[in-house]
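Worksheet: the structure to be examined is printed underneath.
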There are 2 protein chains.
Amino acid sequence: MDLQEKLNQKGLRMTRPRRVVLSILEAASVPLSAGTIYQKALERKERIGLVTVYRTLELLDEFGMVRRAHSQDECHGYLLASPGHHHNLVCHTCMKTVEFPGSEDLSGIVQRVQRQTGYQVNDHLLELYGLCPSCQES
Amino acid sequence: MDLQEKLNQKGLRMTRPRRVVLSILEAASVPLSAGTIYQKALERKERIGLVTVYRTLELLDEFGMVRRAHSQDECHGYLLASPGHHHNLVCHTCMKTVEFPGSEDLSGIVQRVQRQTGYQVNDHLLELYGLCPSCQES
DNA sequence: ATCCTTATTGAAAATATTTATCAATAAGAT
DNA sequence: ATCTTATTGATAAATATTTTCAATAAGGAT
């Protein structure tokens with residue numbers, strides 16, 4: 001289900017700024033902060049306000065169409081989310097980020113932790129860090 | 001190795017503010033932001049500046065004595081890190097946080113992802129969310 | 001205990017980030 | 001084309017973080 005449909009479903013409207021933010025995120029392979037998205041929009045000669053970027057990101061987040069990337073230092077980056085449960089794999093050097101699927105793999109850990117702590121686990125955040133292929137060469 | 005030793009090793013000094021921040025973190029079971037730590041210090045009638053809290057957290061982070069907790073919304077919380085590799089388990093409701101050990105459990109996932117992406121994985125961030133025992137009752 | 005060197009601090013100011021307000025605009029149904 | 005109202009952007013306000021710098025104090029030397 002794409003943005004247009006989700007908006008209709010809630011009686012909300014498709015607007016140019018929303019299209020722009022989404023488009024910028026689609027073109028990115030690195031998590032972008034609100035400010036950065038705003039800059040890129042201006043470069044495209046779009047008339048848009050920073051405030052709207054924040055609001056749009058909030059909206060996309062509610063729709064689950066975007067994920068926050070929590071690097072150790074910068075935790076303000078947003079990344080377009082593919083449907084389904086994914087995690088991010090971030091390159092330490094160039095920050096290039098790819099997603100990888102799979103939450104089943106965690107069920108072992110989750111069960112052990114539930115047993116040990118008494119907590120009832122219902123969500124998780126997993127992010128891997130490393131070197132992407134091209135950064136491995138240099 | 002405790003703070004005193006790590007400081008000596010780098011020719012740095014143990015000071016009252018540093019002791020205070022550490023002590024506040026030791027007493028916490030919930031991730032604390034710089035501002036919150038500052039407040040708690042004032043409550044203790046300590047003469048300390050917010051700036052110093054930021055600096056101390058940065059220092060403790062370099063020493064690996066503290067970890068950032070990246071909840072979906074708030075990613076500015078710091079939590080004392082036990083030695084070794086740990087992850088956080090955060091209660092959605094009361095934010096009470098406990099650590100749990102174990103990075104071996106991830107090796108399966110890591111290997112699969114490395115194979116699939118060509119990335120060389122060397123670090124990770126794992127956080128679980130759920131309900132702590134006492135919040136399950138209510 | 002006293003002196004010295006210099007890491008450290010706190011206050012204030014400068015930046016950066018995020019949220020709230022509100023009149024003007026424009027989406028989309030009629 | 002018109003009407004209703006969700007949405008926008010500018011401004012301002014609120015938060016959060018970093019920089020600057022003179023004053024302070026840790027801790028080794030004496």
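Quick note on labels: first sequence line is chain A, next is B, and so on, each numbered from 1. All values below were derived from every heavy atom in this structure, side-chain atoms included, with hydrogens, water molecules and symmetry-related copies excluded.
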Exercise. In Å, rounded to the nearest 0.5 Å, how long is the span from CD of Glu99(A) to CG of Asn88(A)?
Worked result: 5.5 Å
Exercise. Whole-Å distance between dA16(D) C1' and Ile37(B) CD1?
Worked result: 14 Å
Exercise. How far does OG1 of Thr52(B) sit from CG of Leu50(B), to the nearest 0.5 angstrom?
Worked result: 8.5 Å
Seminar exercise, completed: When Arg19(B) and Glu58(B) are each assigned the nearest nucleotide of DNA chain D, the 5'-most assignment goes to Glu58(B)
Exercise. Are Tyr119(B) and Lys96(A) close enough that some pair of their side-chain heavy atoms sits under 4.5 Å apart?
Worked result: yes
Seminar exercise, completed: Of Ala34(B) and Pro17(A), the one whose nearest nucleotide on DNA chain D sits closer to the 5' end is Pro17(A)
Exercise. In whole angstrom, what separates Arg13(A)'s CZ from dA27(C)'s C1'?
Worked result: 5 Å
Problem set entry | Among dA10(D), dG10(C), dG27(D), the nucleotide that comes nearest once only the side chain of Val51(A) is considered | dA10(D)
Exercise. Can a side chain N or O of His76(B) be found less than 4.0 Å away from OP1 or OP2 on dT17(D)?
Worked result: yes
For this session: Using heavy atoms to find the nearest nucleotide of DNA chain C for Leu12(B) and Tyr38(B) separately, return the residue whose nucleotide is more 5′.
Result: Leu12(B)
Seminar exercise, completed: Leu42(B) atom CG is separated from dG10(C) atom P, nearest whole Å, by 10 Å
Exercise. What nucleotide among dT9(C), dT19(C), dT7(D) has an atom nearest to a side-chain atom of Thr15(A)?
Worked result: dT7(D)
Exercise. Does the side chain of Val121(A) come within less than 4.5 Å of Tyr129(B)'s, by heavy atoms?
Worked result: no
Exercise. What's the closest nucleotide to the Arg47(A) side chain, out of dT9(C), dG27(D), dG9(D)?
Worked result: dG9(D)
For this session: Examine dT9(C): is either OP1 or OP2 under 4.0 Å from a nitrogen or oxygen in the side chain of Arg18(B)? Give yes or no.
Result: yes
For this session: Pick base, sugar-phosphate or nothing for Leu50(A), based on heavy-atom distances below 4.0 Å to the nucleic acid.
Result: base
For this session: Would you mind reading off the distance between Met14(B) atom CE and dG27(D) atom P, rounded to a whole angstrom?
Result: 8 Å
Problem set entry | For atom CD of Glu46(A) and atom C1' of dT8(D), their distance in whole Å | 13 Å
Problem set entry | Nearest to side-chain heavy atoms of Gln4(B), which nucleotide of dT17(D), dT18(C), dG27(D) | dG27(D)
Seminar exercise, completed: Atom CD1 of Ile48(B) and atom P of dT8(C) are separated, to the nearest Å, by 14 Å
Problem set entry | Between dA29(C) (P) and Leu7(A) (CG): distance, integer Å | 12 Å
Exercise. Counting any heavy atom closer than 4.0 Å, what does Arg55(B) reach on the DNA or RNA strands: base, sugar-phosphate only, or nothing?
Worked result: base
Exercise. Taking side chain as C-beta onward, heavy atoms only, is Leu25(B) less than 4.5 Å from Leu79(B)?
Worked result: no
Problem set entry | Interatomic distance where CG belongs to Asn8(B) and P belongs to dA26(D) [whole Å] | 14 Å
